[in-house]
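Below you'll find the structure, written out as structure tokens, and then a few comments.
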Amino acid sequence: MAAEAESSSKEELFQLIKRFGAYLTFKMSKFLPISLLNLDSRSIGAVAGLALAVVFTWRLLRAPAVPQRRQPKRQAPTTSSSVVNPQSNATVLPTGVSSSSEDLRAQNVVDEFFQPAKPTLGQVVRQKLSEGRKVTCCLLGVVLEESSPEELQKQATVKSSVLEVLLEITKFCDLYLMERVLDDESEKNVLAALENAGVFTSGLVKDKVLFCSTENGRTSFVRQLEPDWHIETNPEVVSQLSRFIKYQLHVSPVRLERASANVFSTPTFEQFFGLN
């Protein structure tokens with residue numbers, strides 16, 4: 001039956017194309033001084049192609065779009081055997097209905113897609129330093145675990161928590177480290193600690209680690225270098241430099257009572273950049 005219907009449909013389409021071609025030729029002969037006999041093979045092919053295109057377009061527009069209905073799957077009959085089907089407890093939902101877990105999973109995907117990307121540490125450092133290009137920083141209490149020059153005579157230890165931030169600063173800033181020391185042995189301890197921590201392999205050179213014997217000497221270093229930022233633990237040095245340096249970061253658990261507008265305070269160096 002299907003083959004006969006298909007053959008009949010093809011025959012009907014062929015006759016329709018034939019009649020339409022003859023009709024089109026007759027109409028065109030009234031306006032143009034040509035006839036079907038005078039047409040060459042190319043002209044006849046063009047007319048037939050045009051007719052075929054029109055017929056197919058007409059049939060496509062007339063044919064209603066019938067959605068295909070999905071056949072429900074047949075479930076195998078259950079048996080009373082002792083074997084337990086691991087999917088027997090699954091809830092069967094009707095078509096078009098989603099479970100609450102699927103909705104939640106879809107919502108999580110949407111939320112994750114539209115959630116703003118978390119900035120990298122490098123981006124945070126650049127933003128916090130306002131794109132500053134030159135930074136000076138004291139060592140005691142900021143980069144080093146020790147807090148007094150006397151301790152440096154015995155040893156020097158770089159804080160592991162500040163190392164990552166320090167290395168990020170060296171990537172885009174001209175960084176100078178400086179500290180007051182009591183003797184040459186203290187200088188050797190500091191340089192050895194920085195080298196062991198890998199600071200000198202990430203952009204900082206030893207010539208940019210400066211030492212002095214007084215706090216005034218460190219103040220003089222900073223004024224000569226004219227940095228965009230100076231990081232300091234001594235409130236007196238901060239006060240002296242507030243008129244000359246664009247920004248300062250005072251690292252201390254105790255905030256300054258009357259700090260200038262260009263002086264920022266933070267309990268720890270790494271906390272200022274979002275690290276705890």
Side-chain angles (χ1 to χ4, degrees), residues 118-144 146-147 156 158-181 187 190-191 193-195 197-276:
K118 184 178 180 180
T120 63
L121 179 58
Q123 293 172 337
V124 172
V125 170
R126 295 172 72 111
Q127 180 182 7
K128 286 288 187 177
L129 296 181
S130 304
E131 299 293 336
R133 292 300 179 183
K134 182 181 289 188
V135 177
T136 56
C137 178
C138 71
L139 288 166
L140 287 174
V142 179
V143 179
L144 300 178
E146 292 73 24
S147 58
V158 176
K159 292 182 179 180
S160 58
S161 57
V162 305
L163 186 59
E164 190 175 1
V165 177
L166 196 66
L167 298 182
E168 287 293 336
I169 294 177
T170 60
K171 290 180 180 180
F172 67 93
C173 284
D174 190 12
L175 177 63
Y176 291 83
L177 301 178
M178 55 188 64
E179 192 49 69
R180 179 172 73 92
V181 295
E187 294 184 18
V190 171
L191 293 175
L194 294 174
E195 185 172 8
V199 176
F200 296 135
T201 60
S202 302
L204 183 68
V205 295
K206 291 184 179 181
D207 292 340
K208 293 183 179 181
V209 182
L210 310 178
F211 298 99
C212 55
S213 58
T214 63
E215 297 292 348
N216 289 335
R218 184 160 75 245
T219 303
S220 178
F221 281 157
V222 176
R223 291 190 59 180
Q224 291 177 16
L225 292 170
E226 297 181 346
D228 298 303
W229 280 83
H230 176 62
I231 304 170
E232 181 61 52
T233 58
N234 191 329
E236 295 182 3
V237 175
V238 172
S239 178
Q240 294 175 12
L241 293 173
S242 60
R243 295 180 299 169
F244 307 101
I245 305 305
K246 187 176 181 180
Y247 299 111
Q248 286 192 92
L249 179 62
H250 179 229
V251 181
S252 175
V254 181
R255 295 178 61 90
L256 295 175
E257 294 182 0
R258 297 180 180 179
S260 302
N262 62 340
V263 176
F264 300 85
S265 296
T266 180
T268 62
F269 176 67
E270 60 271 25
Q271 187 172 343
F272 180 72
F273 297 100
L275 299 179
N276 295 326

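Not measured: the values here are computed from a predicted model.
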[X] to [Y] - nearest heavy-atom pair and separation:
X      : Y      : answer
Ser242 : Val263 : CB-CG2, 4.4 Å
Arg223 : Glu226 : O-CG, 3.2 Å
Pro267 : Val251 : O-CG1, 3.9 Å
Leu256 : Pro235 : CD2-CB, 3.5 Å
Lys159 : Leu144 : CE-O, 3.4 Å
Pro227 : Thr136 : CG-OG1, 3.4 Å

Is the number of heavy atoms from other residues, nucleotides or ligands within 6.0 Å of CZ (Arg133) greater than 12?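 Counting neighbours around CZ of Arg133, more than 12 heavy atoms of other residues, nucleotides or ligands fall under 6.0 Å, so yes.
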Worked check of side-chain contact (heavy atoms from CB on, under 4.5 Å) between Ile231 and Phe269: CA-CA 9 Å; Ile231 304 170; Phe269 176 67; 3.4 Å; yes
Once rounded to the nearest 0.5 Å, what's the spacing between atom [atom1] of [X] and atom [atom2] of [Y]?
X      : Y      : atom1 : atom2 : answer
Ile245 : Ser260 : CD1   : OG    : 12.0 Å
Leu210 : Glu187 : CG    : CD    : 10.0 Å
Glu195 : Lys206 : CD    : NZ    : 4.0 Å
Leu204 : Cys173 : CG    : SG    : 12.0 Å
Thr233 : His250 : OG1   : NE2   : 6.5 Å
Met178 : Cys137 : CE    : SG    : 8.5 Å

Does Val205 have any side-chain contact (heavy atoms from CB on, under 4.5 Å) partners at least two apart in sequence or in another chain, and if so, which?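 Residues passing side-chain contact (heavy atoms from CB on, under 4.5 Å) with Val205: Asp207, Lys208.
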Side-chain polar contacts of residues 211-219 - donor-acceptor pairs under 3.5 angstrom, sequence neighbours left out - could you list them?
residue, atom, partner, partner atom, Å
Thr214, OG1, Gly217, N, 3.1
Glu215, OE1, Arg218, NH1, 3.0
Glu215, OE1, Arg218, NH2, 2.5
Glu215, OE2, Arg180, NE, 3.3
Arg218, NE, Glu232, OE1, 3.0
Arg218, NH1, Glu179, OE2, 3.3
Arg218, NH2, Glu232, OE2, 2.7
Thr219, OG1, Glu215, O, 3.2

Would you check if the side chain of Lys134 reaches a backbone N or O of Leu225 as a donor-acceptor pair within less than 3.5 Å?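 Yes; at least one donor-acceptor contact below 3.5 Å.
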Please check if the side chain of Asp228 supplies one atom and the backbone of Lys246 the other of a donor-acceptor pair under 3.5 Å.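 The answer is no, because no donor-acceptor pair under 3.5 Å joins these two groups.
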Close side-chain approach of Leu166 to Leu175, heavy-atom, < 4.5 Å: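 Touching, per the 4.5 Å side-chain cut-off.
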For residues Phe200 and Leu194, determine if any side-chain heavy atom of one lies less than 4.5 Å from a side-chain heavy atom of the other.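 Touching, per the 4.5 Å side-chain cut-off.
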For the pair Val162 and Val142, evaluate side-chain contact (heavy atoms from CB on, under 4.5 Å) and give the outcome as yes or no after the intermediate values. CA-CA 8 Å; Val162 305; Val142 179; over 6 Å; no
Scan the side chains in residues 123-132 for donor-acceptor partners under 3.5 Å anywhere in the protein, sequence neighbours excluded, and list what turns up.
residue, atom, partner, partner atom, Å
Gln123, OE1, Thr120, N, 3.0
Arg126, NH2, Glu131, OE1, 3.4

